[in-house]
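Only heavy atoms go into these numbers, but all of them, side chains included; no hydrogens, no water, no symmetry mates. We name chains A, B, ... by the order of the sequence lines, and we start the count at 1 in each one.
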Amino acid sequence: MRELAELNESQFNAVTTIHGPVMIIAGPGSGKTRVLTYRIAYLIKNNVDPFRIMALTFTNKAAAEMRERISHIVGHEARNLYMGTFHSVFARILRAEAHRMGYPNNFTIYDPDDCKSVLKSIIKEEGLNDKLYKPATVFYRISSAKNSLIDAKKYAENIDLVSDDESSGRPKIKELFAKYQDRCFKSGAMDFDDLLLKMYELLTKFPDVLYKYQQRFTHILIDEFQDTNNAQYSIVKLFAGQHENVCVVGDDAQSIYAFRGATIENILNFERDYPDLKVFKLEQNYRSTEHIVSAANDIIKHNKAQLPKQIWTDNKGGEKIKVYKTASDTDEARIVANAIFDQKMRNHLMHSEFAILYRTNAQSRSFEEALRKLNIPYKIYGGLSFYQRKEVKDFISYLRVVVNPNDEEALKRIINYPVRGIGNTSIDRLIVTANEHDLPLWHVVEKPEIINDMQSRAKQLIRDFSIMIKSFRAMLAGKNAYEIAEYIGKQTGLIQDLYKDKTPEGISRFENIQELLNGIKEYTVGEQPEYEEDEVRPENDLAAYLQQISLLTDMDDSKDENKEKVKLMTIHAAKGLEFTSVFIVGLEENLFPSIMSMNTREDLEEERRLFYVAITRSKRFLTLSYALTRYKFGQLNYCEASRFIDEIAEENKTFFGQKEPQKPKAEQKSFFGDDENTKWYLSKQYQKKQIIEPSKPEITEPPKNLTKINTAAKAGASISSDLKDLEAGMHVIHEKFNQGKVISVEGGGENRIATIYFETVGNKKIMLKFAKLQIVE
DNA sequence: GATATGTTTTTTTTT
DNA sequence: AAAACATATC
């Protein structure tokens, strides 16, 4: 295999050591993907049947790319690899074996929205306080449990978990868990976590199944091992039990999914569980320039929990990391957009070589606007995926019900969409009846006559609906996915409805459905996976299509039209990717590191690893930015620079930006207001001056604008309406004490008292009905 | 039962 | 600021 000549010594060893357990610790940009692809190709060249190789990746896109690269070396055989995400590979196996667990083999995969909707119904039926029992909170508890292989029964028996719930005032979670699981089971549905939990149950409860798959998979490979959780690790250990040819690739410094149960314990346990383990370290970075690699090392050495390793590079020189201090979130966006425009021209780059990375999805909006103003094409990844949009999900719900009518969540979505006179009252009756008889909702829809207390007209409408669904189901045998979908769109009047709506949103909805139908068509004519002789195939092509899209992420999009665009995504989503020029934005305390993760050292270290991942995405240019003011929930907040900026050594970074926050007189023009200024600040002379140190925005600074002034407070001894909303964290101006920040507010009614910290006199307690206060907006 | 209007909540990260 | 949610009105 001539490709082996391209590898350095440790890469070569990592590729060619194909017997026994292997762990590859791979630093960023160290050729990890290349090692994985060559290793798989090498296995195939050494007469390992691709059907015997299971390769688990983090995204479907990573799997697809790897498969493509492997097929360049070994040819079409690559299509037979069991390669994909944990969830998609396990779903494929579960589908073949589902009947053993009492699930239909065309089971539905519930997405998190479906799950929360199920929980919401249960919480409501149980008459629990929905302020305390929020679906998202309950779902998180259930999900975390499942990722530690704890089912509803074990949960109820687990003293720690139950007492946690009791002390948080939610003792009923264990019951909700059981009810939820039961409801999903009746609907023939698994959630994402079930794909792991049920996989584990399948292998542990049925020795013959375990034996079968242990025999089948002679070689197992796992990418991004640092981000696997307890459940995933346990399952892999079972699969690998026979041959023990298991190869894991990971980097503890890039572990960023602890919140989802991932643990680097897996890396440590691996050494313990496989004493024969051979470990290879890939430490040479081929991706980034020296400044970037040094900065990454600067950052990560602030973490205590690290495996020892030293990343180094031969790529000398390169530009320093630029740090922009900007006045506001909108300013930040404009400056970044201008810088992209300028950098592209100056260095002859393509738009696709740029990425803007942020901590939270909500940050994308301002960049979207700024890029649009400069006519820079962009694509936002993550956030609401295509398949989560209402109109798309409604349409897909039809397909789901056709494949699996017991899918209650889908059924509820479409039973009166488009409107067919089955209103909320009727739906509630249906659900109540289903629960009373302990039957799936669909059974009652099929036989509305068992419902008490319903008008015959309503029953007839329900009957009509069920007849329509059955007529769709009849098509499953003879028609392909596209034919069925198209027929449903026409028959239900759904396409017609959307077509009639000529509002901009309506047009976009119509286009989305067209796109969905095109996607289904592509799938239908596209290459279908091969199956082994003894393997259970999906019942039909619509079911196979649904399985595929239910596990697709937004990152998996590979449309040509997105190839030439600036990419916007969260840092989590950027894992495993690389770009010539990277902008990491919103580097502010409480945003990055997130305010949610400043409580424990472990959480903070994960944020730091996240920053490490972000930095190391960059090949040549790296730009960091932060804003001094930022809107959150429509409220202005003052921000200070992230500690992470300080952790980069001075010799690797250059500061740009204003010394003081914006003065009110300059409010209409920002510091880098127009193109003239943009050129100026990017010019060589300016770059040489390292003027600015990041300085905290002090609360003595003049406020940006004082649009709303609480004059009422001066008038008399009652709390003005503006001050009624006063809460901790707000900035105010006092007649005598000047600017201050609200520490806390106590008491009620006329006697509300605020504790306010004033720069001039320190903490003061002030009765609001007498306060001469203005809220700074 | 559908639509208009007001109120409350949301933001960590994702397969 | 926007979306989700709840309530009022036709």
Side-chain angles (χ1 to χ4, degrees), chain A residues 56-63 84-91 109-113 115-117 120 124 130-131 134-136 139-140 143-144 146-147 190-197 199 223-224 227-229 231-232 255-262 329-330 357-366 369 381-385 388 390 416-428 455 457-458 461 550-556 569-575 586 590-599 603-604 606-607 609-611 613-614 630-637:
Chain A
L56 303 172
T57 60
F58 203 71
T59 61
N60 290 298
K61 188 185 179 197
T85 60
F86 278 89
H87 292 82
S88 61
V89 170
F90 292 175
I109 297 171
Y110 272 177
D111 70 24
D113 287 334
C115 302
K116 279 177 236 167
S117 163
K120 202 180 161 193
K124 201 171 155 198
D130 58 357
K131 291 275 184 299
K134 289 190 178 138
F139 182 53
Y140 182 75
S143 171
S144 311
K146 286 183 183 172
N147 280 316
M190 293 195 198
D191 65 21
F192 287 177
D193 305 309
D194 285 333
L195 294 175
L196 305 182
L197 181 64
M199 187 75 244
D223 195 7
E224 310 283 10
D227 289 323
T228 53
N229 61 36
Q232 290 165 323
S255 157
I256 54 174
Y257 281 95
F259 71 92
R260 210 174 75 186
D329 42 3
T330 45
L357 308 181
Y358 34 75
R359 181 65 180 80
T360 66
N361 282 304
Q363 285 165 261
S364 66
R365 173 164 270 121
S366 52
E369 284 165 19
Y381 289 85
L384 242 208
S385 93
Q388 284 174 297
K390 190 185 171 300
N416 197 32
Y417 172 82
V419 285
R420 52 174 70 88
I422 307 175
N424 286 336
T425 316
S426 302
I427 295 173
D428 285 348
Q455 293 181 344
R457 193 183 101 88
L461 290 168
S550 63
L551 294 169
L552 268 191
T553 63
D554 212 31
M555 292 309 298
D556 299 326
M569 63 185 87
T570 64
I571 299 163
H572 284 89
K575 185 168 72 131
N590 298 337
L591 180 60
F592 192 17
S594 160
I595 191 158
M596 310 297 286
S597 51
M598 306 245 256
N599 295 323
D603 284 350
L604 184 63
E606 173 144 320
E607 293 283 302
R609 289 193 296 271
L610 192 57
F611 188 46
V613 169
R630 179 178 297 278
Y631 278 93
K632 193 185 174 193
F633 302 149
Q635 273 232 315
L636 190 68
N637 287 64

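Taking the C1' atoms as reference points, B:dT11 lies 22 Å from C:dA6, given to the whole Å. B:dT13 and C:dA4 are spaced 15 Å apart, taking the P atom of each and rounding to whole Å.
Listed pair A:T570 / B:dT14 meets the phosphate criterion, a side-chain N or O lying under 4.0 Å from OP1 or OP2.
Of all heavy-atom pairs between A:T57 and A:D223, the closest is CA-CB, 4.1 Å. Considering every non-hydrogen atom in both A:N229 and A:G261, the closest pair reads CB-O, 3.1 Å.
Along DNA chain B, the nucleotide nearest to A:F139 and the one nearest to A:I595 differ in position, and the one closer to the 5' end is contacted by A:I595. Annotation: of the two residues near DNA chain B, A:M596 and A:Q232, the 5′-most nearest-nucleotide partner is A:M596.
In this structure, A:K390 is positioned above the aromatic face of A:Y417, its NZ or CZ under 6.0 Å from the six-membered ring centre and within 45° of the axis.
Nucleic acid contact class of A:D193 (heavy atoms, under 4.0 Å, all strands): none. At the heavy-atom level, A:F86 lies nowhere under 4.0 Å from the strands shown. Residue contacts for A:F592: at a heavy-atom cut-off of 4.0 Å it reaches no nucleic acid atom on any strand shown.
By the 30° and 60° cut-offs, the orientation of the rings of A:F58 relative to A:Y257 is tilted. Using bins of under 30°, 30° to 60° and over 60° for the plane-to-plane angle, the ring pair A:F86/A:F90 lands in the perpendicular bin.
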Practice problem: Start with the C-alpha gap between A:I571 and A:Y358, add the side-chain angles, then the distance that decides, and say whether side chain to side chain contact (heavy atoms under 4.5 Å, CB included) holds. | Solution: CA-CA 6 Å; A:I571 299 163; A:Y358 34 75; over 6 Å; no
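Between A:H572 and A:F259, some side-chain heavy-atom pair lies under the 4.5 Å cut-off. For the pair A:F592 and A:L610, the minimum side-chain heavy-atom distance is below 4.5 Å.
Taking a pair to require two hydrogen-bonding distances under 3.5 Å in either a Watson-Crick or a G-U wobble arrangement, B:dT11 remains unpaired.
The environment of CG in A:D428 is crowded: more than 12 heavy-atom neighbours from other residues, nucleotides or ligands sit within 6.0 Å.
In this structure, A:F259 counts as stacked on the base of B:dT13 under the 5.5 Å centre distance and 30° plane angle limits.
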Enumerate all atom pairs, one protein N or O and one N or O from nucleotides 1-4 of chain B, separated by less than 3.5 Å.
from, atom 1, to, atom 2, distance (Å)
B:dG1, OP2, A:T425, OG1, 2.6

Short heteroatom pairs, N/O only, protein and nucleotides 6-10 of chain B, under 3.5 Å:
from, atom 1, to, atom 2, distance (Å)
B:dT10, OP1, A:K134, NZ, 3.4

